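Remarks on the structure that follows.
In this chain, numbering begins with 1 at the start of the sequence shown. Keep in mind that what you see is a predicted model, and the values were worked out from it rather than measured. Each ligand, and each atom within it, is numbered from 1 in the order the structure gives.
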Amino acid sequence: MYAKAPGRVNIIGEHVDYNDGFILPFAIDKATKVFVSKSGQNQHRITSMGFGTKTFEQNQLSKTGDWTDYIKGTIYYLTTLYNLHIPPLDIEVESNIPIGAGLSSSAAIEVASIMAISHHVGLTLDKEDIYKFAQKIENEFVGVKCGIMDQFVSVMGKEGEAVFLDTMTMEYQYVPINLTHSKFYILDSSVHHSLGDGAYNERRSQCESALKKMNKKSFREISLDEFNRQKDLLNEVEFKRSRHVLTENQRVLACRKALEEGNDGKVGELLNQSHVSLRDDYECSCREIDFLVEELNKMPQVHGARIMGGGFGGSIIFLAETHFNSKKIEPLNIEYNKRYQTEFKFYEVDPSKGACVFD
Ligand code: GLA
């Protein structure tokens, strides 16, 4: 028996999932499988192709700072929150989601572990339980203060569609991607700036302090006009962070409409605007990504591009004509390598269905 959970991309709505904002991600056709069976030993045993085998006792469920934490976190909470007795398990992990590319390989392993192990011990969880459980592992066991986007879409994804989510109300709606002549592609810049985690948390607290100064509980309580009138209350950084959140929400709504109407030019334009806002107002891009976004936009087949995910490196999502392929960007990779001594990786991504269990 195994569970399979996909990675994700986000079309638009970046750094707003922890700010009560709107997001528009889709699950991709790359996934992690977690196989579970009863172990003949008295320890849990986890094996992953490429990462070897680790064993641990039921009473050794503390964080070790490696990939096994997602599985330990699952067993830990199933034991402590659901009061379940988990017998020694043999767990095998298999994945084709590139690690570190910002395609949410960690959300995928969390979701697949929860689904496979809970199914194995006969616990029924609904979809909402699963993505919240997965976020809890990431926030509290692993210690990364992410929003709900990655876990949500790994569970809720649908073939051929993106998911529009209002992270304040958790109401969602599937959005068909009606683009006949273009599709989304990913460039993994291979750059990972070490300031990433600290800067993510710093952005979160800058947004919180902006809200406090404006005496608001949520960015949804304030219009862009009202915000512009109140800007003297904020320091420059808080002003810029808040402006990103407010304008990004508007772009997500506009993008949902453009996708439904099949307007690829408009979607591309919104991606570019989002990039500028993430670069200048949220200040979470980097020179390598800015270079690639600019160069991609010089290509006639490309409609628009932006940095995707947590930022400070990672991946770019871009919209280009359907016949775009890796050959078209080879010259850019050569130029990129000359400038930054590294190469990007190119992926095609198709909207795919969310996680499920296979008996
Ligand atoms: C990371 C987090 C998400 C989200 C993005 C930024 O991917 O895991 O919850 O905050 O960054 O949009």
Side-chain angles (χ1 to χ4, degrees), residues 5-28 30 32 69-70 73 97-111 131-157 162-168 170 172 186 188-189 191-193 195-208 219 241-242 244-249 251-252 255 270-271 273-275 277-279 281-286 289 306-317 349:
R8 65 97 187 93
V9 298
N10 185 23
I11 301 174
I12 199 159
E14 215 65 85
H15 285 282
V16 292
D17 67 340
Y18 52 85
N19 277 318
D20 280 347
F22 305 131
I23 57 171
L24 197 48
F26 64 79
I28 57 172
K30 297 190 190 319
T32 297
D69 284 344
Y70 305 110
I97 307 175
I99 293 172
L103 299 177
S104 288
S105 54
S106 48
I109 188 173
E110 287 154 9
V111 169
Y131 61 70
K132 287 192 172 155
F133 188 161
Q135 188 192 22
K136 187 177 175 70
I137 296 174
E138 189 82 52
N139 287 173
E140 294 170 28
F141 196 86
V142 179
V144 175
K145 300 273 168 267
C146 65
I148 192 66
M149 171 162 69
D150 311 345
Q151 293 78 10
F152 175 85
V153 69
S154 181
V155 174
M156 303 300 292
V163 201
F164 170 85
L165 174 70
D166 177 343
T167 61
M168 185 174 79
M170 291 308 283
Y172 64 93
I186 296 295
D188 171 9
S189 70
V191 172
H192 304 282
H193 289 292
L195 79 163
D197 280 357
Y200 184 91
N201 292 339
E202 186 189 57
R203 298 293 179 284
R204 289 187 74 135
S205 38
Q206 288 161 343
C207 291
E208 279 162 24
F219 283 102
R241 305 297 185 256
S242 310
H244 167 73
V245 174
L246 292 168
T247 57
E248 186 78 350
N249 279 336
R251 285 186 287 271
V252 177
C255 191
L270 291 160
L271 294 187
Q273 288 170 8
S274 174
H275 182 74
S277 182
L278 288 159
R279 183 192 69 196
D281 276 354
Y282 223 69
E283 295 176 287
C284 64
S285 188
C286 60
I289 296 257
R306 67 171 194 86
I307 185 168
M308 186 187 78
F312 310 98
S315 283
I316 290 166
I317 183 163
V349 280

Handout entry: Arg241 side-chain N/O to Ser205 backbone N/O, donor-acceptor pair under 3.5 Å
Key = no
Problem - Side chain proximity check, Val155 to Gln151, heavy atoms < 4.5 angstrom - result: no
Fill in the blank from the handout: In terms of heavy-atom contacts, Tyr200 and Phe312 come closest through N-CE1, 4.5 Å
Problem - Side-chain donor-acceptor contact under 3.5 Å, Ser274 with Glu248 - result: yes
Practice task
Tell me the residues surrounding ligand 1, counting only those with a heavy atom closer than 4.0 angstrom, sorted by chain and number.
Solution key: Arg8, Glu14, His15, Asp17, Tyr18, Cys146, Gly147, Met149, Asp150, Tyr200, Gly309, Gly310
Practice task
Among Ser105, Ser104, Ser106, find the one that has a side chain to side chain donor-acceptor pair (under 3.5 Å) with Asp150.
Solution key: Ser104
Fill in the blank from the handout: residues 12-27 vs salt bridge (charged side-chain N to carboxylate O under 4.0 Å, His left out), sequence neighbours excluded, gives Glu14-Arg306
